[in-house]
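To keep things clear, I will list the structure first and then write my remarks on it.
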Amino acid sequence: MERLELVVVSARRGRTNEQRLLDAVRERETLVVLDRCGTAVSSEDLAALMAEWRMQGRDVAFLVGGVEGLSPQARQRANHVLSLSRLTLPHLLVRVVLAEQLYRAAMILAGHPYHR
């Protein structure tokens with residue numbers, strides 16, 4: 001199983017939350033913006049993306065927008081803009097749903113029946 005790293009971004013005076021998050025994304029990371037208006041993906045689609053990211057040997061950073069969503073600049077900087085749902089979800093719930101979907105995608109790639 002792959003290692004999953006959670007990065008907590010601390011406050012910096014004079015910076016917006018979005019700027020702080022974008023500043024925390026390293027150059028070598030694939031940036032995935034989660035937005036309800038993004039491309040809807042299935043669990044199998046996410047597994048295929050994970051396989052692609054593995055082959056590239058890059059870390060992946062997921063960015064969740066605020067109540068007002070994300071700026072066009074954040075969306076343009078992203079390598080992928082994905083939607084977990086067309087519903088607006090609370091941020092804490094998005095974290096849980098994302099963690100479960102990443103686990104499910106890893107199980108799909110491992111050939112485990114969990115995802116069925």
Side-chain angles (χ1 to χ4, degrees):
M1 179 85 89
E2 295 180 31
R3 177 181 63 89
L4 186 62
E5 177 183 346
L6 174 64
V7 177
V8 177
V9 180
S10 61
R12 289 188 198 148
R13 185 177 291 250
R15 309 288 287 171
T16 66
N17 285 339
E18 183 176 302
Q19 289 170 329
R20 288 186 296 114
L21 292 169
L22 288 170
D23 288 348
V25 177
R26 296 177 291 233
E27 195 65 34
R28 67 181 182 276
E29 291 176 325
T30 296
L31 177 59
V32 179
V33 165
L34 298 178
D35 185 287
R36 70 181 182 92
C37 295
T39 302
V41 293
S42 67
S43 297
E44 291 80 7
D45 295 337
L46 184 58
L49 282 171
M50 281 181 59
E52 180 183 320
W53 298 331
R54 276 188 199 170
M55 292 297 292
Q56 294 171 350
R58 297 181 66 167
D59 291 334
V60 181
F62 289 89
L63 180 60
V64 179
V67 174
E68 301 297 323
L70 294 165
S71 70
Q73 294 81 9
R75 293 173 59 92
Q76 288 173 350
R77 181 169 165 196
N79 301 94
H80 303 276
V81 181
L82 303 179
S83 172
L84 293 176
S85 172
R86 292 289 181 216
L87 299 170
T88 300
L89 302 172
H91 286 80
L92 293 176
L93 183 57
V94 168
R95 293 176 190 177
V96 172
V97 171
L98 177 60
E100 194 282 332
Q101 286 301 306
L102 291 172
Y103 178 79
R104 182 177 297 272
M107 293 297 99
I108 289 169
L109 292 175
H112 192 277
Y114 171 81
H115 73 285
R116 292 188 195 119

Shared hydrophobic cluster, [X] / [Y] (ILVMFWY, side-chain heavy atoms < 4.5 Å):
X: F62; Y: L87; result: yes
X: L46; Y: V97; result: yes
X: L93; Y: L82; result: yes

Non-hydrogen atoms of [X] and [Y] that approach each other most closely:
X: A105; Y: M50; result: CB-SD, 3.3 Å
X: A78; Y: V33; result: CB-CG2, 3.4 Å
X: E29; Y: A24; result: OE1-O, 4.1 Å

Exercise for the section: Could you grab the distance from atom NE2 of H80 to atom CG of L49, nearest 0.5 Å is fine? Expected result: 5.0 Å

Would you check if the side chain of [X] reaches a backbone N or O of [Y] as a donor-acceptor pair within less than 3.5 Å?
X: N79; Y: L31; result: yes
X: R77; Y: L22; result: yes
X: E18; Y: S71; result: yes

Practice task
Please determine which of L70, L63, L98 meets the side chain to side chain contact (heavy atoms under 4.5 Å, CB included) test together with L34.
Solution key: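 Result: among L70, L63, L98, L98 is the only option passing the side chain to side chain contact (heavy atoms under 4.5 Å, CB included) with L34.
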
Handout entry: Within 6.0 angstrom of R58 CZ, more than 12 heavy atoms from elsewhere
Key =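 Correct, the count exceeds 12.
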
Problem - Partner residues of R36 under the side-chain contact (heavy atoms from CB on, under 4.5 Å) criterion, sequence neighbours left out - result: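 Partners of R36 by the side-chain contact (heavy atoms from CB on, under 4.5 Å) criterion, ordered by chain and then number, come out as T88.
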
